[in-house]
There are 2 protein chains.
Amino acid sequence: MNLRERKKRRTRDALLRAALELFATRGYEETTVDDIAAAVDVSQRTFFRYFAGKEETAFFVPRLAETLVVEALRTRPPDEVPLEALRRAVLESWDAINEAVVELVPIELHLRVYRVIESTPALLAAHLRRSAELEEQLAGIIAEREGLDVDADPRPRIVVALFGGVIRVTERLWSTGGDLTLDGMRELTTTYLDQVGPALAGNWRAEQSP
Amino acid sequence: MNLRERKKRRTRDALLRAALELFATRGYEETTVDDIAAAVDVSQRTFFRYFAGKEETAFFVPRLAETLVVEALRTRPPDEVPLEALRRAVLESWDAINEAVVELVPIELHLRVYRVIESTPALLAAHLRRSAELEEQLAGIIAEREGLDVDADPRPRIVVALFGGVIRVTERLWSTGGDLTLDGMRELTTTYLDQVGPALAGNWRAEQSP
DNA sequence: AGGCTAATGACAGCCACTGACAATTGACAA
DNA sequence: TTGTCAATTGTCAGTGGCTGTCATTAGCCT
């Protein structure tokens, strides 16, 4: 990698970190693109040559994570049942995610940004849309594993939708809760996934009384 | 309702219809607020006095629908099991929705706008965020019906998340498919909801072979 | 060293949206 | 009916995100 490319990567990383740092401290809406550019001492125009928009900086790390989850699902043993494959793919990709993220951004900063995403309407909306796209991908992989046509058989999209729903509920709880560790997330996720059966089961009240 | 109020409602309705008409024909991104204001012959500033933003016009009808669904769930007989209550609330509120919408906007226009929402990234994102908020409300109602604390017991949020996932998959299929009738939607929804059990069931492949 | 190409900055402009102030128009009492 | 008050609207100016254009700079390669 020659000087030119090294310089480019340095500028991009600097912009990324400056942006996330500002988002985490000052808030997303309160940070202007000019602020970010100024923090790295480049022109605003240059910022837009590295990122398609302010939003893209906020989702740089999540995008990485998604890639790894997709990859993890693709390499799951084909004998696993769909829900099981999804569960394990997610749970086991977190270590890889963690590793990849640290290269780019202090993990603690990412966590703070994650809370900003969940609490900023514009970012939450973008996050949900991205999740929907991820789910579409995952459904495709599941269908392939099972030898099905995604458009003919509704089950792949349904499981993934169910799974995604649980993940999102979990994410929100985790991001607003106190325990911001990886293991905390893992634990929450397994607990919640185990609730899918009971939640669908007919009468909750009947189960409560002995 | 005096002249002043009548005039206001007329302006708002005109803006709303003009906006939706433009979105449906020209596309959302391609229509500017100035276009909408010009179509009704008011200033751009006036548009923003009636709607918080361009987006709000696109979601005016969906907002109405959401209100009616929430209401429908609230009046469901308390002996129904959660998933059943949700299903019936949604299926049975469509008539009421249909009725309320026609007052405001030709139903055919609404359907065209709905497709624009699903196919415009910015609007899809907003739509998903609104859905998440709706789900939070529904979870609260379910918890109340069952005498539970939403934050202590995960099941209300889980069922609603599952349910919402299925609805969204259905919506997308419906909006891109050919049959844009109410009954088509109803039928698709019931079919898909009936797939939740099978989709969660362990081994799809085993079930396929006799 | 010098020409080539990619990266950057400076500038102008579009669009969504907001605050401020003045002009207009309906409401209501005298 | 008219005059006053309050609500509605238009105009203007400004901010922030984002894009196109063009000249300048800086690394690359022979």
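Each chain gets a letter, A, B and so on, in the order the sequences are listed, and its residues count up from 1. These numbers were taken from a predicted model, which means no experiment stands behind them.
- A heavy atom lying under 4.0 Å from DNA chain C marks none of the residues of residues 122-130 of chain A.
- The distance between atom CG of B/Asp34 and atom P of C/dC17, rounded to the nearest whole Å, is 11 Å.
- Taking the ring axis of A/Phe60 as reference, the NZ or CZ atom of A/Arg63 stays within 45° of it and closer than 6.0 Å to the ring centre.
- The interatomic distance linking B/Phe47 (CZ) with C/dC15 (P) rounds to 15 Å, in whole Å.
- In this model, a donor atom of one side chain and an acceptor atom of the other lie less than 3.5 Å apart for A/Thr32 and A/Asp35.
- Note on ring orientation: taking the six-membered ring where Trp is involved, the planes of A/Tyr114 and A/His127 are perpendicular (angle over 60°, cut-offs 30° and 60°).
- Atom CZ in A/Phe48 sits roughly 18 Å away from atom P in C/dC11 (whole-Å rounding).
- The phosphate of C/dC15 has neither OP1 nor OP2 within less than 4.0 Å of any side-chain N or O from B/Thr32.
- When each of B/Lys7 and B/Arg45 is assigned the nucleotide of DNA chain C with its nearest heavy atom, B/Arg45 is the one assigned upstream, toward the 5' end.
- Contact annotation: B/Tyr50 does not reach the phosphate of D/dT8 (side-chain N/O to OP1 or OP2, under 4.0 Å).
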Pair B/Glu56, B/Tyr50 - check side-chain hydrogen bond (donor to acceptor under 3.5 Å, both in side chains), show working. CA-CA 10 Å; B/Glu56 201 178 286; B/Tyr50 282 95; over 6 Å; no
Please write out each protein N/O paired with an N/O of nucleotides 5-7 of chain D under 3.5 Å, distance rounded to 0.1 Å.
| unit_1 | atom_1 | unit_2 | atom_2 | d |
| --- | --- | --- | --- | --- |
| D/dA7 | O4' | B/Arg4 | NH1 | 3.3 |

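- Within a heavy-atom distance below 4.0 Å of DNA chain C, no residue of residues 17-30 of chain A is found.
- Map B/Phe51 and A/Ser43 each onto its nearest nucleotide of DNA chain C; the residue landing nearer the 5' end is A/Ser43.
- Residue order along DNA chain D, read from the 5' end via each residue's closest nucleotide, puts A/Thr31 first among A/Thr31 and A/Arg49.
- By the 6.0 Å and 45° rule, A/Arg186 does not stack over the aromatic ring of A/Trp94.
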Any chance you could lay out the side-chain contact (heavy atoms from CB on, under 4.5 Å) test for B/Trp204 and A/Val159, step after step, and finish with the verdict? CA-CA 11 Å; B/Trp204 300 351; A/Val159 233; 3.2 Å; yes
Quick one: do A/Glu55 and A/Tyr28 satisfy side-chain hydrogen bond (donor to acceptor under 3.5 Å, both in side chains)? Show the steps, please. CA-CA 9 Å; A/Glu55 208 179 86; A/Tyr28 180 75; 5.0 Å; no
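- By the 30° and 60° cut-offs, the orientation of the rings of B/Phe51 relative to B/Phe47 is tilted.
- Heavy atoms of other residues, nucleotides or ligands lying less than 6.0 angstrom from CD of B/Glu103 number 12 at most.
- Spacing between atom CG of A/Asp35 and atom P of D/dC18 amounts to 14 Å, rounded to whole angstrom units.
- Look at CD on A/Glu5: it is 14 Å from C1' on C/dT5, rounded to the nearest Å.
- Each of A/Val90, A/Leu188, A/Thr190, A/Leu193 was scored for a side chain to side chain contact (heavy atoms under 4.5 Å, CB included) with A/Thr170, with one residue passing: A/Leu188.
- Considering only side-chain atoms of B/Lys54, the nucleotide from C/dA16, C/dG9, C/dT8 that sits closest is C/dA16.
- With B/Gln137 as reference, B/Val70 is the one residue of B/Val69, B/Leu73, B/Val70 to meet the side chain to side chain contact (heavy atoms under 4.5 Å, CB included) rule.
- No hydrogens or angles considered: a donor-acceptor pair under 3.5 Å links the side chains of B/Thr181 and B/Asp179.
- As a whole-Å value, the separation of A/Arg10 CZ from C/dT8 P is 11 Å.
- With distances taken from any side-chain atom of A/Gln44 to the nucleotides D/dG17, C/dG9, C/dC17, the minimum falls on D/dG17.
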